[in-house]
Amino acid sequence: MKIPYYPGCTLNTVAKDFDTSAKESARAVGFEMEDLEQWNCCGASFPLTPDNIMGLTAPAKVLSEAKKAGDRLTTLCSVCYNVLKRTNKVLHDDKARRKSVNEFMEDDYDGSLDVVHYLEVLRDDIGFEKLKETVTKPLEGVKAGAYYGCMLLRPFDDIGIDNAEAPTVMEDMLKALGATPVDFPDKIECCGAHLAMNNKEVVQRLSGNVIASAANEGAEIIVTTCPLCQYNLEGTQESANADTPNVPIVYFTQLLGLALGQDAANLGFDNNGGATEKFLKKKGLI
Amino acid sequence: MPEEAKIETEGVFEPKIMAFVCNWCTYAGADLAGTSRMEYRPNVRIIKLPCTGRIDPLFIMKAFENGADGVLVSGCHPGDCHYTTGNYHARRRWTAFKDLLAFTGIDLKRVQFSWVSASEAIKWVELINNVTDDMEALGPFMKFKEMNKKGPNQG
Amino acid sequence: MPRIGVFVCQCGNNIEATVDTQKVADETKKLPGVVHTESYKFMCSSPGQDSFKKAIKDNKLDGVVVSACSPHMHEKTFRRAAEAAGLNQFQCEITNVREQCSWVHHDETRKIGTDKTMDLTRMTIQRLKKNRDLTKITIPVTKRALVIGGGIAGIQAALDIADGGQEVVIVEKEPSIGGNMARLSETFPTMDCSQCILTPKMVEAELHDKISLYTYSEVEKVDGYIGNFSVTIKKKAKFVDESTCTGCGECWEKCPFKADSEFELGLSKRKVIYTPFPQAVPNIPVIDKTRCPKILKDKCGLCAKVCGPQSIDFTQEDQLVTEEFGAIVVATGYELMPNKDFGEYGYGKITDVISGMQFERLASASGPTGGAIRRPSDNTEPKNVVFIQCAGSRDEKRGVSYCSKICCMYTAKHTMLYRHKVHDGQAYVFYMDIRSGGKRYEEFVRGAIEHDGAMYLRGRVSRVYEKDGKVIIQGADTLSGSQVEIEADMVVLATALVSRPGADTVAQTLGIGYDKYKFYNEYHPKLKPVETVTAGIFLAGTCVGPMDIPESVSQGSATASKVLALFSSDKMAREPITAEVNKQTCNACWDCVTSCPYVAIEKEEIKDRKGNVVNMLAHVNDGLCQGCGVCVCACRSKAIDLNGYTDEQVYAAIATF
Amino acid sequence: MENELREKAKELLESGEVAVVIGYGFNRKKTRITPVFITKPEETDKLVFNELCVNNLSIYLTRKYRDIQKIGRPAIVAKGCDIKNIVVLITEGQTKREDIHILGVTCSGVVYKQELFKGELKPEIMPSKCHNCDVRNPHVADTVIGEKSDFTPPEEPTGMVFDKIKEIDAMSDSARWDFWNEHFNRCIKCYACRQLCSLCYCERCITEKNMPQWIETSAHPRGNLAWNLIRAMHLAGRCTFCGECERGCPVNIPLNLVNQKLVLTVKNAFGFESGIDENVHPPMIVFSEDDNENFIK
Amino acid sequence: MKIKLGKEDIDSSLIQQIERVSGETIKRCYQCGNCSGGCPVSYAMEIPPTQVMRYLQLGMVEELMASNSMWVCVGCLQCFSRCPQSVSVANTLEGLRQLVLRKGEDHDRIEDIPLPMLKNAPQMAIVCGFRKFVS
């Protein structure tokens, strides 16, 4: 099975390791992610004002390209997923906006694509049972807190890949990998996102809350799906004061790659800050 | 103002729409729209019948013959019929009749069917506005109007 | 030439504001056959009706059109007046120019309204010209009432009808009557113990010689019409012989198997042979056949062994009985929206987040904790309790858009009960508005705040989660504009009151209407609040919508007065809107017979003088025909027509268009 | 086969089981096939059956021909397709199964019009119904006469009528309207369609009801349209596609198209085929709660 | 604080503009407070979400423009997700931001962003940030 894949800016550059581990893992469980031939940045934010047609054109361009490659498109980054899926829905449901957007495009696009997140492919196409069978290095004894953030869940009617208040898809994946998922209340709270740019105080507080909440429930490691969450949580962890619990942050494809037997050296743990490698060594996983 | 221009401005097309509705659901829904002081387009003339089961295809033919630009047929949702099953019978008749009309070349936008319950005042208002818009977009229903001009068997 | 009068009502300014009624009167006067027209401020007022009657007599009118409000409002009024003036009442027709014209076309120039009124009135005039004199049909009345639902509304209705001397059957789905009220601890605003005031009525209903209780029973099928309903009732197998059981309790004492108690909302267990609560009426247990090992796999049977009067009968089967009734009171009550519907409050997974009804059971002296407030997770006394109002109510996105009406009051009551039982406890209430309209209600809420120290926070709770054995509430106090976090021991949701599951099926069985929340539709929300559009079927209590006990009781009594009025004579008159067969043109194809929803059309034998059958023709039974007109359309030769909605009348209206 | 038929007819008349045999015979000049009503056993030799017997004799079982019914219990010579009409008549109470004797004849197709027959039955002179016939062996009969046919109809109905329906379906609204108007405008309201149809048995036809006059009786295009459409509606779920209406139309209106269109609708929407089982109610007077309603808003 | 209220405040063209741009109907908000309760950055806002909606209902746009609320909102949609009236405060605040940005008034300048941030942060943060803060 081949699924066209949209890497997005971050996963194509600073977080390249996440992208390669995802592709390797995909191959291991039986599907192929094919980079789109042509793609551009999705805009990294879905325009919240409906009159903002320009904000829709960048993702529409991506979708239109993707349509040439097939009927489905998968993404890894939660933000890309959110932006593309919501834009797709607008173009599908709202004739007027579809018309306006298409005026700026070479090929008309009608919103007929099925935008799916990598996790959805694992859950719905492959199945976690099958994933479990493919695991070669079970993450035994790893108490992992799955952190969802906003973009994978909200708004539920447009994109929610799982129950908006009590999602379990990541926990189910972690279970399949042999880890022990730890539920924590703040797993659906915001990390501060783009405020990283100009409001460090808010980011540290929000990300700090997430880390504290996970630690309080006994998580030894936090798993993210969004490179920006990853960055914010990591940053908070690094500059944290003494009373913030020290919990390593990993991207979900890193753990996936590890459990499926990929070489730890290629998974980019060295970029996660020292705590991650130390933790994984302690657990005997690298 | 020159005479021609005057006629043109006055001659804004106001579609004539005939609605056959059941007494218990749609008629009551239309009443509720009134009680709630909602506003909708004035182009519809309602003929109240006890049940959609009483609505004969002949009524629809006659309405067109008499110059209706559109016909609306509306009653209780399935399961809600005051007479328990009248609307199911009606639904069967409409299924056949609409196919026949379409086969004869009548645009099915000219005959619309809907379920509007006694509590669906908003649906009623939207329905009337939409049907009126549809008829406005389609323009006067010339097919019957032209036919009316003809004498017997002039081909 | 007919002599028609047209009366255009101004309805104060309701019609006049957008319709020039005088112009309508003047213009219609010009129509052939119209001999008298007038416009009047309030046609329905008594001077209005007097002038209406006078005009009929003075002008020797043979038909009248009243262009006024919806026929659903005043058709009867004007038809009665027309009759008083000597006309056949079916020569009076209403044009609906208020609900369907003046109120929905807000054109200040009055052109739109006037034109449309004129059109509509013209259509009615032409229709009227084809009207025929009709006479009402009289039908016999079975003086026996069925009450569906044995909650407080149903009990009250039954008691009042029975006290009026008529027979009543109460059909109750559960093993005992009492309904939701039996679950309540104390009742606002008087703080009477619910069971103290309810059980005497339950017992009275049981002992009343005019009332029969069919508990553990459901209505399966309803045929017939007002005065003559034929109802099939399923009496579910209780596996206990009601005639011999003494209710001694030996069986349920000895029964070794337990299940979650429905009555206690899962807060405690009951036995597999059980009565739902100790004061059950009738005090006869039933066996839960889905859990009884004797029934499932022929093991145990202990209850039968210990039963003195040998009342246990494992071979009992569901029984269908069909009985005749003249009227039906529907009082099927309500339910609370399930806790699992509240995502941000933990989807019912947090044990210490409970519903208001569960709190009632905790506070009830006969409840699982004997009236002590204990939180379900660890049975400790909660010191901080947060009450969340509007859980599911006034939330059109994920719950229901309406206000559940009783929660403001019962939450205030809960905070009081809580403080009375846990003196050092603190109650917090998140509310959006406090709706305390009602006698002594506002004072009651103030008491909760001022006397019993409940902390009221105006805001909604955004999220509830568990942390370190506490329930954390994250919400807002909009009055101070701040976020609020409370570490509570227990949360009580004032969950929305919703219709019972299957309320729609019951409505369909009865042929009554319901809204999108499956609450039953009144005939008119203000003026006919306990009637339905189906004659002879009445509504009481929360099956209509949220209401409190006083209201439910009032409605119970109101339905009783309607039923007793119906039963006051042996026969009743019915609208003559029925189908009629033209015997000359009937093809005897029986399509009408097949399609009639009421089995109202029979095959009639036409005999010659010697008594030989020479022909068979369709014949409509006036008593059974409800006037839907399905047969009229089924008949290809148009040998059937529907009185009141004849082909000629409809044709005339279409032709005027 | 004719001998077999004559023998049986004779036997029935002789035994008194029936009073009349409704069948096919030649006209005096022996040029055309015409209905014959045999009441005497010795006249049964007049009965014929061949590819020219296109008429649907079931019409003589309706109330339109009371004088024939007065003769007594009839036997009727019927092809499978004609039997379908008889089945509908039984369903609709117009006759009783036990009151008639059906002499079912196996059939290998008939000509559409006798004039076209040049001594050989070629597919192109057969009506569409014969090409798709699923009742060449009579499905309801008291006596079956003739050799068993092993014809199986094509899965998808073929023939001119079906092709034309597809063609019309593909047209634009206005082209369809023009097509039908052109045809209906020719209608002279002679009601031959009605007279020939065994399912048009109404005591009083809708056009003859004049209070109110739903359908104009003059041959105005308006009334012509209403007449032809409402007649089609009255046949919806009943019409067996016998084709007599179109065959009889003096101005060649393709009535088979409208009627067959509704036959297809009824088949697709309600899974019903008329004339198969006399114990099943026709679809327009019953319903299913699950009927499709995607056209209803 | 005392406000003087008139029809012109409630129905001002500015309010209509905000409604048009944001696609939200301001009067749908019935001030339950759920958004403020769940908003992760409510604590940092000078005017918290529920009050934002109230200010708009009262036509107090100036006060909102002067506050930091619109620049603090991170668009996590928790407000919309739990709003019983399906109102999105996030959309409304974006509408306010657009009112400023579309006049060409930037909230942030690239020069003010620390270099390590520009170097190391995921591009998405920068792209998104610029969309929210720069015209």
Side-chain angles (χ1 to χ4, degrees), chain C residues 337 341-347 386-404 407-408 428-435 455-465 471-486 488 491 493-496, chain E residues 1-3 23-58 60-61 63-64 66-70 72-93:
Chain C
M337 190 181 268
D341 288 0
F342 303 102
E344 65 269 44
Y345 303 155
Y347 284 108
V386 170
F387 294 85
I388 302 177
Q389 291 194 190
C390 299
S393 307
R394 302 176 69 195
D395 182 344
E396 61 175 47
K397 188 152 78 178
R398 287 156 308 159
V400 294
S401 64
Y402 55 82
C403 164
S404 290
C407 333
C408 285
Y428 306 85
V429 179
F430 281 93
Y431 72 99
M432 290 206 285
D433 298 285
I434 295 173
R435 295 181 173 176
M455 178 69 211
Y456 269 65
L457 298 142
R458 198 215 164 274
R460 227 179 151 105
V461 170
S462 177
R463 200 166 147 228
V464 173
Y465 59 91
V471 189
I472 314 294
I473 287 88
Q474 202 184 313
D477 175 56
T478 59
L479 298 179
S480 66
S482 18
Q483 276 185 317
V484 180
E485 195 173 282
I486 297 170
V491 172
L493 303 177
T495 29
Chain E
M1 183 169 54
K2 177 182 172 185
I3 53 171
E24 298 295 318
T25 309
I26 302 225
K27 59 172 170 267
R28 272 192 63 75
C29 171
Y30 62 13
Q31 290 288 302
C32 71
N34 202 333
C35 47
S36 280
C39 175
V41 291
S42 175
Y43 79 95
M45 287 184 177
E46 284 155 10
I47 302 173
T50 310
Q51 263 79 348
V52 167
M53 297 309 295
R54 189 63 189 156
Y55 273 47
L56 288 173
Q57 287 171 347
L58 296 168
M60 296 162 67
V61 181
E63 287 83 345
L64 282 173
S67 82
N68 72 347
S69 299
M70 65 176 111
V72 175
C73 170
V74 64
C76 74
L77 297 180
Q78 195 65 275
C79 52
F80 171 66
S81 165
R82 293 182 186 145
C83 176
Q85 291 287 91
S86 304
V87 175
S88 169
V89 189
N91 284 29
T92 314
L93 286 169

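Each chain gets a letter, A, B and so on, in the order the sequences are listed, and its residues count up from 1.
Under a 3.5 Å cut-off, the side chain of C:Q483 and the backbone N or O of E:P48 do not form any donor-acceptor pair. Of the possible polar contacts, none joining the C:R460 side chain to the E:C83 backbone as a donor-acceptor pair under 3.5 Å is found. A donor-acceptor pair under 3.5 Å links the side-chain atoms of E:Y30 to the main chain of C:R394, judged by distance alone.
Taking a 6.0 Å sphere around NZ of C:K397, one finds it holds more than 12 heavy atoms contributed by other residues, nucleotides or ligands.
Across every non-hydrogen atom of E:R82 and C:R398, the tightest pair is O-NH2, 2.7 Å. A pairwise comparison of heavy atoms in C:S462 and E:G38 identifies OG-CA, 2.9 Å as the closest pair. In plain terms, the two heavy atoms of E:T50 and C:T478 that are nearest each other are CG2-CG2, 3.8 Å. Between E:C32 and C:M432, the closest heavy-atom pair is CB-SD, 2.8 Å.
Contacts between C:V484 and chain E at a heavy-atom distance below 4.5 Å are absent for every atom of the residue. Proximity to chain C (any heavy atom under 4.5 Å) is restricted, for E:Q51, to the side chain, taken from C-beta onward. Heavy atoms of E:S86 lying under 4.5 Å from chain C belong to its backbone as well as its side chain.
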